[in-house]
Amino acid sequence: MKLAVYPGSFDPFTNGHLEVVETAAKLFDKVVVAILVNPDKRPLFSTDERLSLIAAATHHIQNVTVDHFEGLLVDYVRKVGARVIVRGLREPADYENEVKLAHMNRSLEPSAITVFLPTHPGLSYVSSSLVKQVASYGGNVEPYVPTVIAKALRQKYQKPE
Ligand code: PNS
């Protein structure tokens with residue numbers, strides 16, 4: 001079985017991430033969306049919130065599951081028995097950092113091969129940080145994130161009456 005791990009912070013999960021998952025799900029037998037738990041960062045959405053939001057946003061794709069990990073990605077990849085790491089590329093500049101990450105991961109675990117998937121050109125400017133910025137000023141984020149996540153963002157930034 002070809003198992004792929006799609007790691008990231010996903011704070012929040014965007015339509016760009018969703019498109020990468022949908023494409024990966026067609027290429028591999030099973031895809032695990034793996035949320036990085038970084039104790040040094042204070043994410044907008046807790047790990048549990050991200051787990052349930054991503055599960056809801058990917059509910060329509062049968063061979064996708066959602067999990068979380070702490071520490072080195074290659075340790076997680078080994079633990080679940082995957083050989084493939086999926087990363088999305090939004091623009092050429094992404095490649096520079098991503099290829100360094102891929103080489104380090106391959107050096108740490110030679111069997112872990114990173115596969116890059118270009119995101120849909122129409123979503124190249126959509127990032128989690130910009131989406132949070134738009135939502136924090138009350139802008140409409142419906143075009144950039146799954147509906148369930150747009151709703152969760154509205155709730156996070158709702159001003160008390
Ligand atoms: O999409 P993101 O949020 O930039 O994801 C980055 C991620 C989670 C893929 C990367 O930071 C990661 O794998 N972190 C875990 C620590 C690790 O294994 N780093 C790579 C080797 S130093």
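First listed ligand is number 1; within each ligand, the first listed atom is number 1.
Near Leu101, meaning under 4.0 Å from one of its heavy atoms, ligand 1 places the atoms 20 (C). With ligand atoms numbered from 1 in the order given, ligand 1 contributes 17 (C), 18 (O) to contacts under 4.0 Å with heavy atoms of Leu72. Near Asn105, the atoms of ligand 1 lying under 4.0 angstrom from a non-hydrogen atom of the residue are 20 (C), 21 (C). Every atom of ligand 1 is numbered from 1 in the order shown, and the set under 4.0 Å from a heavy atom of Leu73 is 13 (O), 17 (C), 18 (O).
Closer than 4.0 Å to atom 21 (C) of ligand 1 lies at least one heavy atom of the protein.
The protein heavy atom nearest to atom 3 (O) of ligand 1 is Ser9 OG, 2.5 Å. Of all protein heavy atoms, the one lying nearest to atom 4 (O) of ligand 1 is Arg87 NH2, 3.6 Å. Nearest protein neighbour of atom 11 (O) of ligand 1, counting heavy atoms only, is Leu36 CD2, 4.0 Å.
Counting only residues at least two apart or on different chains, the salt bridge (charged side-chain N to carboxylate O under 4.0 Å, His left out) pairs with a member in residues 103-132 are Asp11-Lys132, Arg78-Glu109.
Contact annotation for Val74 and ligand 1: no heavy atom of the residue comes within less than 4.0 Å of the ligand.
In this structure, Gly71 counts as a contact residue of ligand 1, since one of its heavy atoms falls inside 4.0 Å of the ligand.
Glu142 and Arg154 are joined by a salt bridge, as a carboxylate oxygen and a charged side-chain nitrogen come within less than 4.0 angstrom of each other.
The local environment of OH in Tyr95 is sparse, with at most 12 non-hydrogen atoms from other residues, nucleotides or ligands closer than 6.0 Å. With a 6.0 Å radius and a threshold of 12 heavy atoms from other residues, nucleotides or ligands, Lys156 has its NZ atom above the threshold.
Partners of Glu22 by salt bridge (Lys or Arg N to Asp or Glu O under 4.0 Å), not counting sequence neighbours: none found.
Val66 and Leu18 fall within a single hydrophobic cluster, where Ile, Leu, Val, Met, Phe, Trp and Tyr side chains are chained together by heavy-atom contacts under 4.5 Å.
The side-chain heavy atoms of Phe28 and Asn63, taken from C-beta on, include no pair separated by under 4.5 Å.
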